[in-house]
Amino acid sequence: MYQDPLQSRLTPALVEAFQVLFEASVDPERIAFQATRPEFEGDLTVNVFPFLKVSGRGPEQTAQALGEHLQEHVSEVERFNVIKGFLNLVIADAYWIEYARQALERDILAFPATGSKVMVEYASPNTNKPLHLGHLRNIFLGYSVSRILEAAGHEVVKVQVINDRGIHICKSMLAWQRFGKGETPESSGIKGDKLVGKYYVEFDKALKAEVEDLVAKGSDREKAEKEAPILLAAQDMLRKWEAGDPEVKALWEKMNGWVYFGFEATYRRAGVDFDRNYFESETYVLGKQDVLEGLKKGVFYEKDGAVWVDNTAEGLDEKVLLRSDGTSVYMTQDIGTAIKRFEEYPGLSQLIYTVGNEQDYHFKVLFIILKKLGFPWADGLHHLSYGMVDLPSGKMKSREGTVVDADDLIDEVVQEARRTGEQLSKLDAFSTDEKDELFEMIGLAALKYYLLKVDPKKRMLFDPAASIDLQGHTGPFIQYTYARIQSVLRKAGSWTAQPLNVPLVAEELLVLKQLHQLPSALHEAAAKLDPSAIANQTYELVKAYNTMYQVLPIAKEEDTARRVFRLGLSKAVADAVRKAMWCLGIEVPERM
RNA sequence: GGCCCCAUAGUUCAAUGGAUAGAAUAGGAGUUUCCUAAACUCUAGAUCCAGGUUCGAUUCCUGGUGGGGCUACCA
């Protein structure tokens, strides 16, 4: 379990106290600290209820005895008070002042290198449609987790899977061939992924028309939906693709090229990148051999000519891995791709799949299979499962046209940032380019923070109005605080940090306590693959800072020692905020 | 049908089994001759229901209600 410096100082002292006072040995893991509630005096609280059996005394007596021991033996503990079973410890100012000094000198959000290498997969788009809001949660989440793991000392490999083959892209290709009249992104001015998406919709329209036509002619609807000529033509195209037909391949390459170019533009604007792209067209053949070997080893079994895995002992079902005609299913290629990745990147300790929770079952099965196949790395597989994004109007459904397009959404948040920014008219000194850059930064911060402040596991509601909010618990609020500090530091001119030897005032202490919590939040975020931990603690920190800023003079403080201390604290907060936001994939401006 | 996830102020989100359940937003009241008011202060407002475990349950267990997802020799 991770402990901050204070806790790792106090824990052994408490263990010792139990030994000395009660002749009892307690498991250090069981000693839990919590921040003292603001209505009581103290900084850190130890709850002694769990140890009453060990101490053989009442809660007050136990806490009192422990408190006395700590006060005597731990220099950081200045005094304490006991309320019921709660031992509230007052930590000496010297500790906090020393922490402020350290935070000014080093990056408190950089953990020592662990030597372990982690692969994070965080996008797996199909190439027949542009990216939407759901992809954005996926992308921002995965990117942030990559950065958090990096800050936590791991080496990270960021990858995406591009589903570039299959019936979906053939549908777009066929519709373009029939109705496109040679339209290209250049000729139409339409972004490549949007153009291909347009023909996917065209296909769907044509298919519906054909089905209606067939039904009107007396055909059964279900049958018509399976046998509409345009659908058969698309299936035929897929077969030609698999057979390597040069004409089909050329068209496929051309249209996928448009899509990649479009995706790249969106990724660039969103500020994310990948170290390696996996294309389904290259990986879909993988896995078959591995399944056959598994069959030989008796891990799988054959039934009606198909290869199955039996996971009933694990509480799951049986699942086909190879059809009776020998062809693969999704699971097959995922098995093969995982194996390939561990071959390509020897020594990977973890492979994290950032994929929506509708695939929970799929990954449970995948991981069990790889374990059954005996791969030692199978324990390092992890599904970072995130919840769906709902709209106020309900679920996003591409069929009903209720999806929120990623590019449009980014445009909107940036526009909103512009509207507010122009209104506040604080930016007169900015050039047009500088303004553009700033509004882009603010808009994206609003969007990213909105999506990242929520526990990834949970389904969330995307309220467009709230997502472009720039006030309150938002990314722009954090950016604003950062810019504010930079402004103070600029105005302060040059100064030299020096230790403070007068008591801290309440507002300074609150800021320091929140700053002190930030590394723990990073650790939690890394352990749980949950950016919301660091997002929320960063918010707590800037809130405390703003309160201090409001009530205490900083650059204008007349007492020099206090002045440089507050400047130092301000800079330490700004540095930590910048790094914390970096962990979320969010940039911070020097002015706003 | 089977399996999985979720339920907290009007709304959107927090809360390692611990003290009087925190924020934001919307509502009400204030703060600017002073370092950026995208800020700050005050105010009102919530654990789906019923059992159980525990010194102590929003948290764990069982049942119920409501919502969502998965459950093809489709991709």
Student: Mind checking the P distance from B:G18 to B:A37? Whole angstroms is fine.
Tutor: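 Nearest-Å result for B:G18 against B:A37 at atom P: 39 Å.
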Student: Would you mind classifying the nucleic acid contact of A:Pro476 as base, sugar-phosphate or nothing, using non-hydrogen atoms under 4.0 angstrom?
Tutor: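 Result for A:Pro476 = nothing.
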Student: Nearest to the A:Tyr549 side chain among B:U36, B:C73, B:A19, which nucleotide is it?
Tutor: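 Looking only at side-chain atoms, A:Tyr549 lies closest to B:U36.
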Student: Among B:A39, B:A14, B:A23, which is the nearest nucleotide to the side chain of A:Tyr539?
Tutor: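 Shortest atom-to-atom distance from the side chain points to B:A23.
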Student: Counting side-chain heavy atoms from CB outward, which of B:G18, B:U25, B:A37 is closest to A:Gln471?
Tutor: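 Nearest to the side-chain atoms of A:Gln471, counting from C-beta on, is B:U25.
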Student: Tell me the stems RNA chain B sits in, counting at least three consecutive Watson-Crick or G-U wobble pairs, each under 3.5 Å on both distances.
Tutor: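 RNA chain B forms these stems: B:1-7 with B:65-71, B:10-13 with B:22-25, B:27-31 with B:39-43, B:48-52 with B:60-64.
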Student: Donor-acceptor pair under 3.5 Å: do we get one between A:Asn546's side chain and the base of B:A37?
Tutor: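 No, the side chain and the base share no sub-3.5 Å donor-acceptor pair.
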Student: So which nucleotide from B:A39, B:A14, B:U12 ends up closest to the side chain of A:Lys458?
Tutor: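 Per side-chain heavy atoms of A:Lys458, the pick is B:A14.
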Student: Should the side chain of A:Ser324 and the base of B:C73 be counted as holding a donor-acceptor pair, with the cut-off at 3.5 Å?
Tutor: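 Yes, the side chain and the base share a sub-3.5 Å donor-acceptor pair.
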Student: Could you give the distance separating B:G2 and B:C60 at their P atoms, to the nearest angstrom?
Tutor: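 Straight-line distance between the two P atoms is 23 Å.
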Student: Could you please name the option among B:G69, B:A37, B:C35 that lies closest to any side-chain atom of A:Glu358?
Tutor: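 In terms of side-chain proximity for A:Glu358, the closest of B:G69, B:A37, B:C35 is B:G69.
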Student: Check this for me: does the side-chain of A:Thr45 come within 3.5 Å of the base of B:A19 through a donor and an acceptor?
Tutor: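 Side chain to base: pair present.
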Student: Report yes or no: is the cationic atom of A:Arg137 (NZ for Lys, CZ for Arg) under 6.0 Å from the centre of the six-membered ring of A:Tyr386, at an angle within 45° of the ring normal?
Tutor: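 No; the conditions do not both hold, so A:Arg137 does not lie above the ring face of A:Tyr386.
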Student: What is the ring orientation for A:Tyr301 with A:Trp308, classed by angle as parallel under 30°, tilted 30 to 60°, or perpendicular over 60°?
Tutor: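 Parallel, since the angle between the ring planes stays under 30°.
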Student: By nearest atom, which of the nucleotides B:C73, B:U71, B:A38 is closest to the A:Ala306 side chain?
Tutor: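 Of the options given, the side chain of A:Ala306 lies nearest B:C73.
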Student: So what does A:Pro50 touch, heavy atoms closer than 4.0 Å: a base, only the sugar-phosphate, or nothing?
Tutor: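 The residue A:Pro50 makes base contact.
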Student: Quick one: which of B:A19, B:U36, B:C35 gets closest to the side chain of A:Glu39?
Tutor: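 Output: B:A19.
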Student: Among the candidates B:C4, B:G18, B:C40, find the nucleotide nearest to the side-chain atoms of A:Asp360.
Tutor: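 So the side chain of A:Asp360 is nearest to B:C4.
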Student: Between B:C40, B:A19, B:U36, which one does the side chain of A:Gln550 approach most closely?
Tutor: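 In terms of side-chain proximity for A:Gln550, the closest of B:C40, B:A19, B:U36 is B:C40.
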Student: Which of these nucleotides, B:C40, B:C13, B:U36, is closest to any side-chain atom of A:Lys426?
Tutor: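 Ranking B:C40, B:C13, B:U36 by closest atom to the A:Lys426 side chain puts B:U36 first.
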